[in-house]
Amino acid sequence: MADREFDLIVYGATGFTGRLVCEHILDRAPEGLRWALAGRSEDKLRGVADDLGTDVPLVIADSDDRASVEAMAARTRVVCTTVGPYALHGTSLVAACAEAGTDYCDLPGEVPWMREMIDTHQDAARRSGARIVFSCGFDSIPSDLGTWFAQQQMMAHHAVHSPAVHMRLKAARGAASGGPVASMLNQVEAATRDRETRRVLFDPWALQPAGERTGPGTSDAVMPTYDRDFDAWTGPFVMAMINLRVVRRSNALLGYPWGREFRYDEAVLLGGGPLGAVKAGALTGAMGIGMAGLAVGPIRRLATRFLPSSGEGPSAEARRRGFFDIRLLAEHPTDRSKDVMVRVLGDRDPGYGSTAKMLGESALSLAAGESEVEGGMWTPASALGQPLRDRLQRYAGVTFEVI
């Protein structure tokens with residue numbers, strides 16, 4: 001890549017999450033980092049820069065103006081974007097980065113859109129050397145890097161990889177994020193209109209490389225289940241639909257080190273006994289009713305009045321009080337007494353505080369040249385692996401440890 005004007009541009013800097021990413025990068029930026037804030041409005045960008053107390057350059061770009069997005073991509077080595085829903089506002093930027101050889105990271109929870117980007121721009125990204133890294137927030141770094149870490153530990157302790165990893169959300173505190181809510185509503189609306197979008201949305205192999213989109217294992221967990229390994233009832237995890245596909249894609253992109261028969265699933269731990277069973281049933285019912293309701297146009301439009309809007313978010317104090325605690329159990333292939341349990345802990349609310357730091361460190365890792373993969377469409381574990389895990393533990397309050 002020829003020398004560029006900037007090492008990193010944060011696109012969407014005037015949004016709620018974008019501001020948090022900028023705060024983290026400003027706090028963490030190594031000496032000499034050439035970075036800029038980008039968005040549609042110069043006045044709003046200047047307001048963000050003033051609030052942050054920085055005089056970094058401002059770049060004007062609008063996803064509806066392809067020329068401006070292409071010009072932005074050509075000026076920088078890395079673009080970090082928080083502008084969603086990505087199916088509405090992200091396509092032109094992915095195309096521009098893939099053509100210009102510009103590395104890219106983002107926060108989509110939009111499986112059909114990610115599938116479209118992979119199929120449309122993989123060849124261009126490979127030719128140009130652009131590393132396009134999707135899902136660098138709470139969806140899906142804890143699941144993706146957590147599974148990668150659990151497999152590392154299984155290999156270190158027992159010299160084998162695990163054929164199955166089970167992710168369980170033990171506890172978390174945080175508000176619903178306006179950006180992901182907007183993405184979810186946009187996906188539901190698209191799925192109600194288009195049969196192919198609906199098929200891809202529910203396909204557990206949707207993000208596999210072309211020609212490899214079938215395999216073993218179950219689909220997303222949707223029913224209450226008693227999990228003997230964790231001695232608790234479980235219910236469906238709202239992020240599983242995204243994380244399952246990202247983790248499976250990582251295994252494929254890494255060359256199937258965990259085997260082509262590798263199985264992965266996610267659920268929420270809700271406790272043992274009758275109370276745990278009641279909680280699991282209630283969560284399952286609430287999610288089923290909610291998704292069924294959102295599929296109905298008038299109900300979906302009514303729900304937007306009560307759900308958080310894109311650009312809204314919790315207070316700084318609420319973000320500090322937030323956290324998440326995730327457990328991942330890696331099965332030993334022949335001796336279950338040698339199973340490995342790891343946990344991933346975050347010291348901020350998942351949807352904003354931790355997500356902003358995870359995305360910021362992903363962008364800084366790309367800007368530092370820590371990814372050794374060729375151009376293409378990647379996941380966090382397959383593109384950044386150990387360097388990103390080290391960064392998250394040192395600078396982002398996200399820890400990975402064996403229990």
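Please read all numbers here as calculations on a predicted model, not as lab measurements.
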Could you check if a side-chain atom of Arg19 sits within less than 4.5 angstrom of a side-chain atom of Asp51, using non-hydrogen atoms only?
yes
Is there a side-chain contact between Leu37 and Cys22 (heavy atoms, below 4.5 Å)?
yes
N/O donor-acceptor pair under 3.5 Å between Arg263 side chain and Ala164 backbone
no
Do Asp227 and Arg327 sit within salt-bridge range, that is, some charged N less than 4.0 Å from a carboxylate O?
no
Any side-chain heavy atom of Asp65 within less than 4.5 Å of one from Val69?
no
Under the salt bridge (Lys or Arg N to Asp or Glu O under 4.0 Å) test, residues paired with Glu99 that sit two or more places apart
none
Got a donor-acceptor contact below 3.5 angstrom from the Asp7 side chain to the Leu33 backbone?
no
Does the side chain of Lys170 come within less than 4.5 Å of Arg343's, by heavy atoms?
no
Between Glu266 (side chain only) and Phe237 (backbone N and O only), is there a donor and an acceptor less than 3.5 Å apart?
no
I need the minimum non-hydrogen distance between Arg34 and Glu5, along with the two atoms involved.
NH1-O, 3.5 Å
Is any side-chain heavy atom of Asp265 less than 4.5 Å from a side-chain heavy atom of Arg168?
yes
Between the side chains of Glu317 and Arg321, is the shortest nitrogen-to-carboxylate-oxygen separation below 4.0 Å, so that they form an ion pair?
yes
Side chains of Trp113 and Thr91 only: does a donor on one sit below 3.5 Å from an acceptor on the other?
yes
Under 4.0 Å between a Lys/Arg side-chain N and an Asp/Glu carboxylate O for Glu361 and Arg28?
yes
Output yes when a side-chain donor or acceptor of His89 lies under 3.5 Å from a complementary backbone atom of Val83, and no otherwise.
no
Side chain to side chain contact (heavy atoms under 4.5 Å, CB included) between Phe149 and Val344: does it pass, once the steps are laid out?
CA-CA 10 Å; Phe149 176 69; Val344 184; 6.0 Å; no
Just one of Arg46, Arg40, Lys44 clears the salt bridge (charged side-chain N to carboxylate O under 4.0 Å, His left out) bar with Glu42, so which one?
Arg46
Can you name the salt bridge (Lys or Arg N to Asp or Glu O under 4.0 Å) partners of Asp390, sequence neighbours left out?
none
Between OG of Ser365 and CD of Gln386, what distance do you get to the nearest 0.5 Å?
11.0 Å
If you round to the nearest 0.5 Å, how far is OG of Ser143 from CZ of Arg245?
12.5 Å
Pair Ser41-Asp43, side-chain donor/acceptor within less than 3.5 Å:
no
Does a side chain donor of either Asn243 or Ser140 reach within less than 3.5 Å of an acceptor in the other side chain?
yes
Can you spot which of Asp27, Asp347, Asp349 makes a salt bridge (charged side-chain N to carboxylate O under 4.0 Å, His left out) with Lys357?
Asp347
Using a 3.5 Å distance criterion without hydrogens, assess whether the side chain of His332 forms a donor-acceptor pair with backbone atoms of Asp335.
yes
Please report the shortest heavy-atom distance between Arg319 and Phe16, naming the atom on each side.
NH1-CZ, 3.5 Å
Does the Ser371 side chain pair with the main chain of Ala383, one donor and one acceptor, at a distance under 3.5 Å?
yes
Could you verify whether a donor N or O on one side chain and an acceptor N or O on the other, from Ser382 and Thr379, lie under 3.5 Å apart?
yes
More than 12 heavy atoms of other residues, nucleotides or ligands under 6.0 Å from CZ of Arg336: yes or no?
yes
Taking only residues two or more places apart in sequence, or in another chain, which ones meet Phe138 in a ring-ring contact (aromatic ring centres under 6.0 Å, His included)?
Phe324
Rounded at 0.5 Å granularity, tell me how far CG in Leu384 sits from SG in Cys105.
8.5 Å
Met154 vs Trp258, side chain to side chain contact (heavy atoms under 4.5 Å, CB included): CA-CA, chis, key distance, verdict
CA-CA 11 Å; Met154 178 64 79; Trp258 314 330; over 6 Å; no
Considering non-hydrogen atoms only, spot the tightest contact between Ala330 and Ser162 and give its length.
C-OG, 3.5 Å
Any donor-acceptor pair under 3.5 Å from His121 side chain to Met117 backbone
no
Taking the side chain as every heavy atom from C-beta outward, state whether Phe262 and Val165 have any atom pair closer than 4.5 Å.
yes
Just by modelled atom types, is the Ala73 backbone N or O under 3.5 Å from a matching donor or acceptor in the Thr102 side chain?
yes
Heavy-atom closest pair, residues Val342 and Ala150:
CG2-CB, 3.9 Å
Given side chains that start at C-beta, do those of Leu244 and Arg248 come closer than 4.5 Å, heavy atoms only?
yes
Do Asp144 and Arg249 sit within salt-bridge range, that is, some charged N less than 4.0 Å from a carboxylate O?
no
Under the 3.5 angstrom rule, does the side chain of Thr399 hit a backbone N or O of Gln393 as a donor-acceptor pair?
no
Output the distance between atom CG (Leu359) and atom SG (Cys80), rounded to the nearest 0.5 Å.
3.5 Å
Is there side-chain contact between Leu93 and Tyr86, with at least one heavy-atom pair below 4.5 Å?
no
Please check if the number of heavy atoms outside Asp55 that lie under 6.0 Å from its CG is greater than 12.
no
Thr82 OG1 to Asp106 CG distance, which is reported to the nearest 0.5 Å:
10.0 Å
Donor-acceptor pair, side chain of Arg391 and main chain of Ala396, under 3.5 angstrom:
no
